[in-house]
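All chains are named by letter (A, B, ...) in the order of the sequence lines, taking the proteins before the strands, and each is independently numbered beginning at 1. All heavy atoms count here, side chains included; hydrogens, waters and symmetry mates do not.
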Amino acid sequence: MLRVALKGLLAQRVRYLLTAFAVLLGVAFMAGTFVLTDTINHTFDDLYTTIYANTAAVVRARQAFNPGISYQTQRPPIPAALVAAVRRVQGVREVSVGIEGYAQLVGANGKAIGNPASGPPTLGEAWPLAADMSPYRLLAGGRPPQGPGEVAIDQHSASVGNLKVGSRVLVLTKQPPRRYRVTGIVTWGSAASPLGASVTLFDHKTAAEVVGQPGKVNEIDVAAAPGVSEPELASRLRRALDDPSLEVVTGTMVAAEGQDAVHQAMGVFDTFLLVFAVIALFVGSFLVFNTFSIIVAQRQRELALLRAIGASRRQLVASLLVEALVIGVAASIAGIAAGIGLAAALKALLGAIGVSLPATGIVVGERTLLVALCVGTAVTLAAAVLPARRAAAAPPIAALQAVDLEPEDDAAHRGAIGGALVGAGALALGIGLFASTGNRVALVGIGGAVLFVGVAVLAPLVARPVSAALGAPIAQRSPIGRLARQNAMRNPRRTAHTASALMVGIALVSVMAVFATSIRASVNSILDAAMQADYVISPASASSMATGFSPHLEAAVARLPDVAAATGIRAGTVKIAGRTMAVLAADPTKVGDLFDVGVVAGRIGSLGANDLAVSEQVADSRHLVLGSAVPVVFPATGRKVFTVRAIYRDRQVAGDYVLPLAAARSNFVEQLDYQVYVKLRPGVSAAAGRQAIERVLASYPTATLMDQAQYKAQQAAQIDQALGLVNALLSLAIAIAVIGIANTLALSVHERIREIGLLRAVGMTKRQVRATIRYESMLIALFGALLGLAVGLALGVALVTAMRTSGVTRLEIPVAPILEVVIVALLAGVIASLSPARRAARLNVLEAIATE
Amino acid sequence: MVRARADGLRASEPVPAARIADGVKIYGRGEAAVLALDHVSAAFAQGALTAVMGPSGSGKSTLLHCLAGLDRLTAGQVLIGETDLGSLDDKSMTLLRRERIGFVFQAYNLVPTLTAQENIVLPLTLAGRKPDAAWVGRLVASLRLEERLGHRPSELSGGQQQRVAVARALVTRPDLVFADEPTGNLDSRSATDLLAQIRRAVDAFDQTVVMVTHDPRAASYADRVLFLGDGRVVEDLDAPSPDEILEALRRLER
């Protein structure tokens, strides 16, 4: 029986090729993600180990909690005087001092190098005292910075900013902007820069002044004398220093922290990409199912013959599943190979866009091989089970019947199963979206998948009338269109299943479109209602609450005679009620004039240093009223208790908690504004105001001045950018569906060789043959798009409704994207038809009509 | 009566519906080359039913395909009326088949998704032309298909399907109709009926028909029977009786 299976496979190899390709794409994406993350993790594991090779212990301030991956310095500095105490400890061979803070390099062309708001941080550090504990390696021709006017910079920034030893460079810090001379270019271990961050190294004294605090350092790094182990040295230091606000950790632990941070960041990246790999495989499984269904239908007579000569049903199923197994394994292996190539290409791409990675080999872990192989094979096998069982159920008598039979479905049966699946999927989705308990993400994912399968099961029931309706316009216009429409209606199950593969991608694109449009509308309506400032000064492309500007910017703008008020907003990571979150802080006396967050109780203006404001939603869910106590844990300063003095409505912009500026000053480590709101004096024209502010901003290249309309446009652009990324990744799912349509058409053409031959004989031109296939393809695609839009819009509405409490207050159905989806689907149909149409047109008429 | 007509032309007669002059067809190359037509010349007079007979491999289907513009000669000339098929590209050839030639095949004559009516007018549909309702009505009536027009091929008997094919072949009033074993898949009653219909079409509409057949009874409906052997025309009988045909076939097999 095994031989029969393999022979069957060989005979159908061309038809199976595209199926295998669909599985291959999904597996390649998955394997590529694994390989890329493994490679990057491995690279940085090595790098951190090397960098901390000579550091036996690190003395630094204790943190109340670990705020996680953050580009902000979260640890308060420690007294520089501790260095002397550390030096005295026995076993200490050498001591180095770390000072770190915000510093933004500005390239020779006046453009900021790196933008912490949209990418890796821009750091300022002190040149390390001990070369063997320094992660930085000075390149030939440079020397360490000395004195207040000199810096060394990382190699990546040097090449981006076109800076060389001897160049003059502008550096922004919390101090006013200042120019420095570059005395050296450094690498970070073997990498051009640490994780793509831009680094400015000052001499010790300058660093303490411009990025640190005078008399303070961030950490003290210690090298051990020969024969003293890391834990031993660490415990000696602990005993010697004996200060609960300090912690002493070994170099190995610090390296591990760095490695963990990279792993965590890569984990997020990894999960994000894997979601799309899973979607691709899901769509691929539709394709496998459909191809198998068609091929076994075409081989019905052969299979019935096997049954007639004594093969059992079980043997037949097994033989078909062996075919699926071989395809699954082969496609998965090829997919892994393609994935390795993909990872190498992505790594090169990351390098090209500025995330410099040290040159190391590609890491292919066991996980990659095992998971990708198993998943690819399992998906193929699972999708083949139903078609195999159905084929094996054919009576042996079918071998003797002349007609190809693809039995009609029992509509009631199909309706019941499909309806049940749709119901179950919608229920799981609903619980996932609206309930507050359980694993919501998993519920939404599984619910969505079940819903899609359910719709695919139901789709054949409507395929005939829908194809008839969709095809009506072309059927009226041309006879070829009529033929195409009839072809699409001829086998509703096939048409529906082929369309369903496209439905998945289209539905997801539609959900994202509804979601993004609604968020945009919500943001706009809030800004319209709440923003009273004339201008916002914000990082060039603010997407996070990362580092911002020196507070000098706020002061300089506030001093302008045209400006009535200017206030900076700060952000920091805190832990409230067990949750780590970013909160905003602002000057309570000024912010009320510039931003109306819809205060429903209390007054923001009356917030004292130990008071805070909360959103109405949090107040309701946590039963907070004016006067309630809210403990807030700061990474640097630990637990502080605040009193609720105001409750506001709009959490979209302000978040759930707003702290007074005084609290930020005393508890945040970084004292930088991430946005500055500006209101002009009455009577000052917008143009004059802008001109005055722009003059101040000239020395802050990362700062962008935006009026309300521009600010809204910037917010919209960010949403569109995220949407674009997601759509780009979803296009993989659509591409696989296009392969599916092409595959179905190729199989149909194969099946209709004689019919096409007849049509050619009685006068159908090649162009007409191609047009028939193209129209049929477009009809299938359009049907898929329609299913996708229906499901997608419904899901989008559900999602937006579920997100209402999170600030998505407006529901908007985007019209342009819907039209785009339809156009994309039609294009997909045309593309899918190209190869089958060409093959059909090229058919040799004689061979096609030759009698058996 | 046996006459040899080397060039297939008689000067006094009008232009024949189709002719082949010195037609050579070779399949394959080198060692594997097969000579399917070996310098065949023949003319097919207008308004006549010509049968082409011969054993398997005699080249009769090749002759039909080359005459009908479904295949091209390796050497020699095929003319449909005054049109030299050798000068036509694929598109012109297709249009010629659509406009000027009708086909009836042994099986699989109809598009399964179209009704009998739609199948009949298919060549016109492909040309984007409106069928002449009176003409279609006459054809349908003459072929007794009035009751079956709305049915799909799968709902028609074999004989009905072939009659629909005949109606389709005639619907464009083509210069000539090629029939390739039109009765090959039919029982004898349906076959007799179909042959009578083809004969009637030839007589009533002055239609030129060239029919390839194995069946001496079918050939006996013809005005003329060409016998092929090893790619050559070996005999050419005018209105032979079934006995004369059997006799000729026997001679061929010797």
Side-chain angles (χ1 to χ4, degrees), chain A residues 401-406 408 464 467-468 471 474-492 494-495 748 751-772 775-776 779 841-852, chain B residues 25 27 61-62 64-66 68-72 89-115 118-131 152-154 158 165 168-169 171-172 174 177-178 180-181 184-185 212:
Chain A
Q401 287 167 341
V403 281
D404 291 325
L405 38 97
E406 207 167 336
E408 287 281 319
R464 216 179 283 238
S467 311
I474 47 162
Q476 243 162 29
R477 269 197 31 237
S478 85
I480 299 300
R482 276 232 314 289
L483 271 177
R485 178 170 76 154
Q486 261 143 342
N487 282 338
M489 289 162 64
R490 166 195 303 213
N491 195 327
R494 189 181 295 184
T495 299
S748 297
E751 209 169 79
R752 296 179 202 153
I753 283 180
R754 308 201 51 190
E755 183 180 326
I756 295 164
L758 170 74
L759 285 161
R760 290 279 288 133
V762 302
M764 184 180 261
T765 61
K766 284 185 178 179
R767 179 197 289 259
Q768 285 177 319
V769 172
R770 283 195 297 265
T772 318
Y775 286 150
E776 179 178 356
L779 270 181
R842 276 212 203 124
L843 275 183
N844 184 328
V845 182
L846 280 181
E847 274 170 34
I849 60 170
T851 42
E852 280 156 19
Chain B
K25 178 70 185 180
Y27 289 116
S61 283
T62 306
L64 184 88
H65 293 153
C66 290
L70 292 170
D71 205 352
R72 287 173 192 276
D89 62 10
D90 181 85
K91 171 135 197 228
S92 316
M93 196 93 111
T94 305
L95 296 182
L96 175 120
R97 288 198 303 267
R98 185 199 284 173
E99 308 285 341
R100 296 174 59 188
I101 298 177
F103 290 93
V104 181
F105 298 107
Q106 175 175 357
Y108 213 90
N109 258 307
L110 307 179
V111 178
T113 49
L114 302 181
T115 62
E118 289 167 331
N119 266 293
I120 290 172
V121 299
L122 183 59
L124 297 171
T125 311
L126 290 173
R129 273 163 45 195
K130 275 229 172 328
R152 304 248 163 151
S154 59
R168 189 207 45 226
V171 78
T172 55
V177 168
F178 288 104
D180 191 356
E181 302 276 9
N185 272 10
V212 165

Contacts table for residues 758-765 of chain A: side-chain donor-acceptor under 3.5 angstrom, sequence neighbours left out:
from   : atom 1 : to     : atom 2 : distance (Å)
A:R760 : NH1    : A:M764 : O      : 2.8
A:R760 : NH1    : B:T94  : OG1    : 3.3
A:R760 : NH2    : B:D90  : OD1    : 3.2
A:R760 : NH2    : B:D90  : OD2    : 3.1
A:T765 : OG1    : A:Q768 : N      : 3.1
A:T765 : OG1    : A:Q768 : OE1    : 3.4

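The choice from B:N109, B:L95, B:I101 that makes the most heavy-atom pairs within less than 4.5 Å of chain A is B:N109. Ranking B:T172, B:L96, B:L114 against chain A, the residue ahead of the rest is B:L114, based on heavy-atom pairs under 4.5 Å.
Within a 6.0 Å sphere centred on CZ of A:R767, heavy atoms belonging to other residues, nucleotides or ligands number 12 at most.
The contact between B:R152 and chain A is made entirely by side chain atoms (from C-beta outward), counting heavy-atom distances below 4.5 Å. When heavy atoms are compared at a cutoff of 4.5 Å, B:E99 does not approach chain A at all.
For B:F105, the ring pair (Phe, Tyr, Trp, His ring centres under 6.0 Å) criterion is met by B:F103, not counting sequence neighbours.
Nearest heavy atom pair, residue A:R490 against residue B:P112, reads NH1-CG, 4.3 Å.
Here the CG-OG1 distance, from A:N491 to B:T113, works out to 12.0 Å after rounding to the nearest 0.5 Å.
Put simply, the side chain of A:I480 reaches to within 4.5 Å of the side chain of B:L126, judged on heavy atoms.
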